[in-house]
Amino acid sequence: SWLPVVTLPPILSQEIVAHASNVSSLVLGKASGRLLATGGDDCRVNLWSVNKPNCIMSLTGHTSPVESVRLNTPEELIVAGSQSGSIRVWDLEAAKILRTLMGHKANICSLDFHPYGEFVASGSQDTNIKLWDIRRKGCVFRYRGHSQAVRCLRFSPDGKWLASAADDHTVKLWDLTAGKMMSEFPGHTGPVNVVEFHPNEYLLASGSSDRTIRFWDLEKFQVVSCIEGEPGPVRSVLFNPDGCCLYSGCQDSLRVYGWEPERCFDVVLVNWGKVADLAICNDQLIGVAFSQSNVSSYVVDLTRVTRTGTVAQDPVQDSRPLAQQPPHPSAPLRRIYERPSTACSKPQRVKQNSESERRSPSSEDDRDERESRAEIQNTEDYNEIFQPKNSISEARALPPLPSEPQHPHLSLEADDMATAKEAAKPSPATDVQFPVPNLEVLPGPPTVVTSTPAPKAEPAIIPATRNEPIGLKASDFLPAVKIPQQVELLDEDAMSQIRKGHDTMCVVLTSRHKNLDTVWAAWTTGDIKTSVDSAVAINDLSVVVDLLNIVNQKASLWKLDLCTTILPQIEKLLKSKYESYVQTGCTSLKLILKRFLPLITDMLAAPPSVGVDISREERLHKCRLCYKQLKSISGFVKSKSSLSGRHGSAFRELHLLMASLD
C-alpha cells in the first residue's frame, strides 16, 4: 500500500580486478567500512582498502576456491573457508597464518566470529554447523538440524545465541551455552540467504530467495512482520546502527524498511547488480558487488535517505535528528541485549601466551605456516591500516568516501560525475578513539597492613595496571598554598607521611621474597607438584599468583593431580578484588578446562572396570575431586558472566567452556 520515494543513484566509488580468476566471495569490515576482503577461485584471499586500487595483502594456503570470508569486529583477524571444507585463520596485524581448522566434509558456505571470545562458527554444504576455538585449534560444538546447505551464520550481539539460515527454507536459533536449538522459524518458501540481529532489541531479520524479508521476535519466537514484493532474491540486509530501519541490497537498488508496521521508507537506485555485502561508516552506506574477476564498490549518502521510524535505542552513530513516527499500537517494547557498553573495544587476548599459541610446536602447524603465507603487496597501505597496533583505530577512522551529487534532480554524465566528485570533497572525519586494553598479566600487589588508615572508598576491583599506589593520592603531598617559606616544611611533612608505612611494606616484601625462595628450592628439584604444594601451604595468594604466571606459560607442566591442588586456589583468585589475580585465575582455569575436562567427563561416564586397577581408581578419584571443584566454581563463573568489560568477556568464555558440566 506504500509508494516509496526514489532517491538518485550513488557514485560508483571504485572498480578493481580483484583476482586472476573469478571472485567467489567477499566481505566488508563492519567496524570501519573501509576494509574489503575477497576470496577467489585462485585459492587466494586478497585484502583491499575501499576506494584504493592496489591490493594491500594476499593470503595463500588454501588449495581449493575460497567460498566464504569474514573479518572479526576489530578487523585484526580474518577467517576463510574453502570448497574442500578447510578453514584458515590469519592474523592481519602479524601478517601470518594463525590456525588451520579441518572437519567439514564439503564446501564452507558461511562463517562468523564470536563478538567477544576467540571463537568462529562455520556452516557447510554438509548441513553441519561447527563452533571452533581458534586458539586451541579444536571444534567445541557441532550443531545438527538443517537438512541442506547452511548459507548464513550470525552471533547475537551479546554472544549467547547463534542464528543460522539454510537452503532448507528455515532459520534456526541455537543456544551456545546449552549446545542445542532454541527455536526454528518456518515460513520462508525458498532458500534463506541471510540473517541479521537487531543491534539492540531481541529481533532477527531474515532474507530469502522467495523475495521476502521476515522479522522475528526472539522473546515470543514468532513472526513480527513480512516484507513482500522484493525485485529479486534477498542476499544482503543490514540494520542501521541505531536500529531505526533495515537496509536491503536488492537487484540494482537499495531499499529502506520499517517492520512495525512493515513499510518502505525509501528506494535508492544503484546499478550494482547483485550486491554481496553492506557496511555503514560516517553516515555512508558502502555496498560491494562482484562479477567474474571484478569487484565494484558503491557509496550511498545516508543523510539524503529517508530513515524515519521508531528509534529503539539511543543513536550510536547517527547524530542527526530522526523524524519520530508513533509506534504501531500493537508493537511491544522488546527486551534489550545485555552486553558491555564499549562495543568497539577489542576482545581480550592474553598477551603472554599469544606468541606460543601462534607458533604451535606440531609439525602439522609448521607445514601450514610454510604453505600459508601473508604476502604484503602494498607496504604503505598495510602500515597505515595495521601498524602500529596502538594507532589502529586512528588509521581506520578515515574521512568519508566521495558520495552522491548534491542536486536532487540532475542525471549525471561522465564529465559531470568528475565535477560532482570534485565539488563533494570529503570533510575531515572525527577521530573515534577505540580503547585498547593493556592485556599484560602482571603479578598482583600483596595484601599490606599498614599503620596508615585505609581509604574509606576503595574500588571494588583494583586494576592490574595503574599509575599511582593504592590508597595514596599525589594531591595529598602537594603544597596546598603557594607560600615559598612553607614549601620546605610541607615537603618534610610529606616525606614523614610516606615513611609511615615504609617499614611495614619492607616486612611484607621480605616475607614474600622468603616464601618465593622456599617455592624456588622445590622447583629446582624438578618436582612441580611439590613446589605448588609448598606455595599453597604458605597461604599467600600473591605467591600462588607468581607461580601460576610461570606454570601457565607451559601447558605440558600440568597434570591431573596438579589440578586438584590448584582448583581451590583458582576459586579464591576469581573472587579476589585484584584484577591481576582474576586474570591469572581465568587463564589457569581455561587451561585446565581445555586439557582435562574431556578426560574428567569421559572417566566419570565410563563403566566400572573389571577387576582391580589401582592406577585407574586413583585417576577416577582425582577426576571426581576435580569435577566437584569445577562444579563449585561454575556457579560463581555463571553469576559473573553478565558483567561488562574485560571481566565479563573472560567469564562468559569460561561459562561457555564449562557448559558440559551442567
Minimum heavy-atom distance Ala165-Val195, with the two atoms named: CB-CG1, 3.8 Å
Checking side chain to side chain contact (heavy atoms under 4.5 Å, CB included) between Trp259 and each of Leu203, Ile213, Ile227, which is the one that passes? Leu203
How close do Cys563 and Gln629 get, counting heavy atoms only, and between which atoms? O-OE1, 4.0 Å
Please identify each residue that fulfils side-chain contact (heavy atoms from CB on, under 4.5 Å) with Lys172, with sequence neighbours left out. His146, Ser164, Thr170, Trp174, Met181, Glu184
For Lys638 and Ser641 the tightest heavy-atom approach is O-OG, 2.7 Å
Does Val171 reach the side chain of Leu204, with side-chain heavy atoms less than 4.5 Å apart? yes
Could you tell me whether Asp112 and Arg70 have a side-chain N and a carboxylate O separated by less than 4.0 Å? yes
Look at the rings of Tyr143 and Phe141 and say which category their plane angle falls in: under 30° parallel, 30 to 60° tilted, over 60° perpendicular. tilted
For a quick test of reading the model, state the closest non-hydrogen atom pair linking His188 to Ser208 and the distance between them. ND1-CB, 3.2 Å
Is any side-chain N of the basic residue among Asp561 and Arg619 closer than 4.0 Å to the acidic one's carboxylate O? no
Would you call the rings of His62 and Trp90 parallel, tilted or perpendicular, taking 30° and 60° as the class edges? perpendicular
Measuring from atom CG of Leu654 to atom CD1 of Ile570, what distance do you get when rounded to the nearest 0.5 angstrom? 9.5 Å
I'd like to check Trp216 versus Ser206 (side-chain heavy atoms, cut-off strictly below 4.5 Å). Are they in contact? yes
Does any part of the side chain of Met658, heavy atoms only, come nearer than 4.5 Å to the side chain of Leu656, both counted from C-beta? no
Test salt bridge (charged side-chain N to carboxylate O under 4.0 Å, His left out) applied to Lys529 - qualifying residues, sequence neighbours left out: Asp533
Of all heavy-atom pairs between Pro199 and Pro241, which one has the smallest distance, and what is that distance? CG-O, 3.6 Å
Quick check on side chain to side chain contact (heavy atoms under 4.5 Å, CB included): which of Thr587, Leu573, Leu591 does Leu548 satisfy it with? Leu573
Apply ring-ring contact (aromatic ring centres under 6.0 Å, His included) to His114 and Trp132, showing your working. CA-CA 10 Å; His114 191 274; Trp132 307 85; over 10 Å; no
Using a strict 4.0 Å threshold on nitrogen-to-oxygen distance, state whether Asp133 and Lys594 make a salt bridge. yes
Contact check, side chains of Val223 and Phe185, non-hydrogen atoms, under 4.5 Å: no
Close side-chain approach of Cys244 and Phe239, heavy atoms under 4.5 Å: no
I'd like to know if Lys575 pairs up with Glu571 as an ion pair, taking the criterion as any Lys NZ or Arg NE/NH1/NH2 lying under 4.0 Å from an Asp or Glu carboxylate oxygen. yes
Smallest separation among heavy atoms of Val69 and Ala37, with atom names: CG2-O, 3.9 Å
